[in-house]
Amino acid sequence: MPRKVLEIEQKIEYLSILDENANVDKELEPDIPAEQLKSMYKYMLLGRRCDERMLKMQRQGRLGTFPQSAGHEAISIGSAINLHQDDWHVPAYRELAGMLYRGWPIENIILYWNGFEEGTAPPEHVNDLPICVPLATQLPHAVGIGMAMNYKKEKNVVMTYFGDGASSEGDCHEALNFASVFKAPVVFVCLNNQYAISVPLSRQMSCETVAQRAIAYNMPGIRVDGNDVLAVYVATKEAVERARAGYGPSLIEGLTYRLTPHTTADDPKKYRSEAETDEWAKKEPLIRFAKYLQNKGVMTAEDLEKMEAEVDNMVKTAVAKAEEMAKSEELLNPFTIIDHVYADMPQFLQEQRDELAELVKREAARKEKKNAKSETGARS
Amino acid sequence: MPRKVLEIEQKIEYLSILDENANVDKELEPDIPAEQLKSMYKYMLLGRRCDERMLKMQRQGRLGTFPQSAGHEAISIGSAINLHQDDWHVPAYRELAGMLYRGWPIENIILYWNGFEEGTAPPEHVNDLPICVPLATQLPHAVGIGMAMNYKKEKNVVMTYFGDGASSEGDCHEALNFASVFKAPVVFVCLNNQYAISVPLSRQMSCETVAQRAIAYNMPGIRVDGNDVLAVYVATKEAVERARAGYGPSLIEGLTYRLTPHTTADDPKKYRSEAETDEWAKKEPLIRFAKYLQNKGVMTAEDLEKMEAEVDNMVKTAVAKAEEMAKSEELLNPFTIIDHVYADMPQFLQEQRDELAELVKREAARKEKKNAKSETGARS
Amino acid sequence: MAEINMAKAINLALHEAMDRDDRVVVMGEDVGQDEGVFRITEGLFAKFGDDRVIDTPLAEAAIIGTAIGMSINGMKPVAEIQFTGFDYYAFHQIESHASRFRNRTRGRIHIPMVMRAPYGGGIRALEHHSESRETYYVHTPGLKVVIPSGPRNARALLHSSIQDPDPVIYLEPKACYRLFREEVPDKMETLPIGQAQVVKEGEDLTLISYGASLRAALEAAEDMEDDGIQAEVIDLLTVSPMDHKTIIKSVMKTGRAVIVHEGQRNCGIGAEIIARINEHAFLYLEAPIKRVTGLDIPIPYFSKERYYLPDAERVVIACKETLNF
Amino acid sequence: MAEINMAKAINLALHEAMDRDDRVVVMGEDVGQDEGVFRITEGLFAKFGDDRVIDTPLAEAAIIGTAIGMSINGMKPVAEIQFTGFDYYAFHQIESHASRFRNRTRGRIHIPMVMRAPYGGGIRALEHHSESRETYYVHTPGLKVVIPSGPRNARALLHSSIQDPDPVIYLEPKACYRLFREEVPDKMETLPIGQAQVVKEGEDLTLISYGASLRAALEAAEDMEDDGIQAEVIDLLTVSPMDHKTIIKSVMKTGRAVIVHEGQRNCGIGAEIIARINEHAFLYLEAPIKRVTGLDIPIPYFSKERYYLPDAERVVIACKETLNF
Ligand SMILES: Cc1ncc(C[n+]2csc(CCOP(=O)(O)OP(=O)(O)O)c2C)c(N)n1
Ligand SMILES: Cc1ncc(C[n+]2csc(CCOP(=O)(O)OP(=O)(O)O)c2C)c(N)n1
Ligand SMILES: [Mg+2]
Ligand SMILES: [Mg+2]
């Protein structure tokens, strides 16, 4: 009949390896082959440049509203790099760098944010789910994919992502709980950028860390410096190995900061101080990693410049391609909006398709008339 | 740049005061006035007898399916006893004892399980929500009530209940999180009877206790022996005081066991062993509390018998009353199914009400005809 | 094959489907050791084990959400929601994902899952245990919604639903679970989703129904025969995509229609049927189409449930009004 | 009072309602410091503070669930869901509780809350940001569903919604937020919920619409005037309880009707309108009633949204078919 404190096994850890000045903790430093280090940097850079380029396009009216990802490349790549090609990557919407690393063509991303469903279809060889807009709803999918792996005795893992805001959703709890009960091989990565649009962490939760929520699910939980790609790498690598060995899920929280507004429609000055933004800008992940690579002799300044050029070129080519595709007959085909709703076409939808065909014919006729007119105009 | 274990402030406790053999831990024993102790026992007993009686009625076809509460009286009363009349009580569906203590007429309960909405309406002076069937959905209501208290600067608290199964629902997480963020004066009581219908705790969650989930919300969490009314009393009292003083919510888990099937439609032999059931039957809450009261000299064997008689009488009277009410014009009035959907009656619903009136007229005519016939029959 | 009831027929279909295809798994609350609160999963746990008959934690959104994930990774989950009254908890997963993945990914990812749930009133159940809100699903593009009415079609349609490459909401009228028995063939059979059946031919008017309400329609049709009225009765079986061709053909013949369903009226299936008849057979109509449906109120607790649910009497009244118009 | 747009008008109503009644609080994601993603809550946080303009954690079910609790404890919460595409997360709270507490408790507890949400397409938004699924709410007894179409009625109806003792789903056609300005009176005004307005009189046919689609209906009506066709245009304003009296009266006059809405067709509001016209004005109909609606597909991403949304051209075609029937 006692009053006693219960022993709780899990310990929540904090991990940081490469600090904002590119000092590295030698004891904790992972042993990553040079080629892989370069690849990590390349995709972080590609994510960043893509993001910047898309912002410009959006400002020029060449792209719809989209959530930017600048500042979150370390979380995305430090984790995704641990996946095999046939593992699964289940992003939210700030994992641009990781999606590109996984094999999503840049064009797809651009097309998606430009209002084309074609951008959402994962390429054939890519075991990924597309960007997920309704917050936290992708997490149970990740768990289900993992449960199927267990059932099929596949030795794969699933890496999935959610924000600090999304952590408040019921689906987040349910997914973490299911994963732990079914020992699903899922690595949950919380991209904690301390804001859900305007709502600060203190309004989102009253506990110190998202990582400690792992205690509610008897799974390992760790908070890492989310701008330190080495720390993310180490923590997710452990989690991936654990999952692959059949020990079930883990929760990893990367503490980070948006370098940008929430989306192109957002004005963060309303809710974040300039001082705070400046402070965090210094901690961003690319610069320190580039320095690390140089210090380590993996890349020279020249290499880095070359990579910049290469990446710029990739982005440029992709933008051109995306804009070309957006004008292609295939992507402009209006009937695609109806043809993929079901595997087969139900009668009532066929009737609506016929209605649409009428409209499309009229639109075409109108265009022709207009063209004819303007031709006449030009001649006169 | 360390790898270190994070310090987590909350400690999850376990509390037990009165064991199954009615041994009491003198150091932990609360100082409860004799009258209150009697009242606690009385309502525990009333809950139990009511439950037993309703089971009989159900077997006789005089009541619909209902979830029994035998075995859970300590959790219900040990917590509810700490509420002031103008505090709020937000039950799930096994808080029969607590509802009766709060002032719900037994008739209401019987009417509810007998298919009458009238049983669901809280009596005027009772600040309670009715029984809630969709699991965990009552928890955000409790939090909202508490948020309103904060806003109105009321010094009240809300006590709300949920099962171990319900703890897996998204609403449970969301409610706990909202309560902690808004410091809502809510005491969350988890009635952990180790099964959600047939699903055992081990399939429900992989953590040891529900109480440790409190760490995810930075609130106090404690597990108590849920068959020990003194432990429940002490833990909930602390939580109520904390809430009333403005320090926000707490989570209390009472470990207990259903003495009965899940509902009258359930066969627990399919999923619980006899040995287990027998083991837990010995730990049930009433016997040990009765012994405690006797040992303490609060009640004699004779007092207890008297109370039995009193309680039996209360139940008997209520059953008769409920069955009388169920035949009353007021409760049989078919139009009540339409008249309370909106404050005002929309046109289209009025039209449906008119349709119903037609049917009711026909039904009456048919009855009359039948009566007339049988009268004729009797005469012949 | 012996005569069996609908509960048994659904159970049989699950056994058969799991025997045939090991991608089929059953999951939900109490579907395993307990064999389902209506015993629909009887024998499955013993036969197929924990791996394929999965008792889940209590969370409807996660049941559907993980079933979506399993579908994506090559399986065919049959997820049970214990009662339709609790499927709203999972509605965002159904609306935002199950129904959309195929379209969103231009066919690259599709969700061949089935959500089954005991549905509707008539068994004196508790609050929230008698709901019939198929409209929510019918209004959601990308889903198919199947509601069987008897043992034989229940079994065949469950097979079709499991084999379908798209998500199917399979609603089981629980009032029919043990209402009557029917001979089912030894050999497994399927029925095309999206096809209605004329279950009784007639010339005078068309009765359109499905699920448990079909009993009221059939009973009414029989009653009216005494008065020399020949009703044609259509069992929809699938409420989405709805087979309006069969309806239209019948109404073109009879000129009159009465729709019977227990779901609420406002934007119910009846409204859609009326709209389609209006669109396709306007000139054939000789009287307004009547709706005998649940009222636009929450289904009452069981003491007054009968005032809400359609019955043969209400159907007969509506038919006569239609005929006398 | 100056001319203002709908966004401003809704904002004005919130200011006025909060000024008048301190039981009114505004809650939701980013409604406070950020003033709402569409700036609908502008100035409220500064004026009324954290207590009454509540930024919540990100959880729609809890936003609605706690709003229900606050309502029970004497407040009048106006809960914002950031986009209708995310309200499904809260659907179980709406269906099982907001809509039922009054009936369940025979009037003892009622839920005077408002759920407001930006609604519908037409602004080139991302996936899940353009949904119009009012049917889900209309099919749910116990709710009222209001969809304004312009600044003045938006303000008046929001006041009525906040004052209503029952839960009101107030859907804001976001395409109209900044589409046009309108003079609103200095004095606060209300409009009865459940009452439609004839916004243009005509003899030849009845156009029934609401929300952003009303623009298409009005434009079509104007276009048709050149051809000498006089359409009567009805703005429903409330889609539940629906004012079929005003519709019936008009159809009895015109004999023809076309319904325009952007929500999906299957079991949409149009179906219900057709059913009611069929029931109440059958003999007056001279042609089938047409539906110009969203298609039964998920609303396409914005590059092809125009093929989904009703526009004046589609309305004119439908009207002419109706007139030439
Ligand atoms: C269910 C749902 N609710 C609301 C939104 C609108 N919304 C989009 S992003 C966002 C904030 C998300 O915050 P967080 O999870 O921290 O991710 P971050 O954007 O900061 O990466 C909100 C409210 C949404 N997409 N889904
Ligand atoms: C949302 C929801 N899902 C399913 C059910 C059906 N159901 C009723 S009680 C129950 C088990 C609940 O278990 P638990 O929360 O542990 O409470 P207990 O019955 O053991 O007290 C289930 C599945 C329900 N009422 N609500
Ligand atoms: Mg964030
Ligand atoms: Mg339990």
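Residue numbers start from 1 in every chain, and the chains themselves are labelled A, B, ... in the order their sequence lines are given, proteins ahead of strands.
In this structure, the side chains of Arg108(C) and Glu124(A) come closer than 4.5 Å at one or more pairs of heavy atoms. A heavy-atom distance below 4.5 Å is not found between the side chains of Glu272(C) and Phe348(A).
Checked by atom type and distance alone, the side chain of Tyr342(A) pairs as donor or acceptor with a backbone atom of Leu143(C) at under 3.5 Å. Here the side chain of Glu118(A) pairs no donor or acceptor atom with the backbone of Arg106(C) at under 3.5 angstrom. In this structure a side-chain-to-backbone donor-acceptor pair under 3.5 Å is present from Lys152(A) to Asn73(C).
Within 6.0 Å of NZ in Lys249(C) there are 12 or fewer heavy atoms belonging to other residues, nucleotides or ligands. The number of heavy atoms from other shown groups lying within 6.0 Å of OH (Tyr247(A)) does not exceed 12.
For Ala62(C) against Glu174(A), the heavy-atom pair with the smallest separation is N-OE1, 2.9 Å. What you find for Pro57(C) and Asn177(A) is that their closest heavy atoms are CB-ND2, 3.8 Å. Pairing each heavy atom of Gly144(A) with each of Met70(C), the nearest pair is O-CG, 3.2 Å. For the pair Phe178(A) and Thr66(C), the tightest heavy-atom approach, listed with the atom from each and the gap, is CD2-CG2, 3.8 Å.
A donor-acceptor contact closer than 3.5 angstrom is absent between the side chains of Tyr151(A) and Arg23(C).
For His244(C), the part sitting under 4.5 Å from any heavy atom of chain A is the side chain, from C-beta outward, and nothing else. With a threshold of 4.5 angstrom between heavy atoms, Ile72(C) approaches chain A through its backbone and through its side chain. Neither the backbone nor the side chain of Ala67(C) comes within contact range of chain A; no heavy atom of the residue lies under 4.5 Å from a heavy atom of that chain. Residue Ser71(C) does not touch chain A at all, counting heavy-atom pairs closer than 4.5 Å. Of the atoms belonging to Phe182(A), it is side-chain heavy atoms, and not backbone ones, that fall under 4.5 Å from chain C. Val126(A) touches chain C through its backbone: at least one of N, CA, C or O sits under 4.5 Å from a heavy atom, while the side chain does not. Only the side chain of Glu351(A) comes within less than 4.5 Å of a heavy atom of chain C; its backbone N, CA, C and O stay farther away. Proximity to chain C is limited to the side chain of Pro130(A), based on heavy atoms less than 4.5 angstrom apart. Looking at Asp55(C), only its backbone comes within 4.5 Å of chain A, counting heavy atoms on both sides. Using a 4.5 Å cut-off between heavy atoms, Arg276(C) contacts chain A through its side chain alone, with no backbone atom that close.
Considering CD1 of Ile109(C) and NE2 of His141(A), their distance stands at 10.5 Å, rounded to 0.5 Å. With rounding to the nearest 0.5 Å, the separation of CE in Met147(A) from CE in Met27(C) is 4.5 Å.
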Residues His97(C), Thr137(A); criterion side-chain hydrogen bond (donor to acceptor under 3.5 Å, both in side chains); working and verdict
CA-CA 8 Å; His97(C) 295 301; Thr137(A) 57; 2.7 Å; yes
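The candidate from Asn127(A), Asp339(A), Val158(A), Leu129(A) with the greatest count of non-hydrogen atom pairs under 4.5 Å with chain C is Leu129(A). With chain C as partner, the option from Gly146(A), Ala343(A), Ala121(A), Gly119(A) having the largest number of non-hydrogen pairs under 4.5 angstrom is Ala343(A). For the options Asp344(A), Leu349(A), Asp171(A), Val181(A), heavy-atom pairs under 4.5 Å to chain C are most numerous at Asp171(A). When each of Thr56(C), Leu58(C), Ile193(C), Ile64(C) is scored by its heavy-atom pairs under 4.5 Å with chain A, the top score falls to Thr56(C).
Within residues 157-170 of chain C, the residues having any heavy atom less than 4.5 Å from a heavy atom of chain A are, in residue-number order, Pro165(C), Asp166(C).
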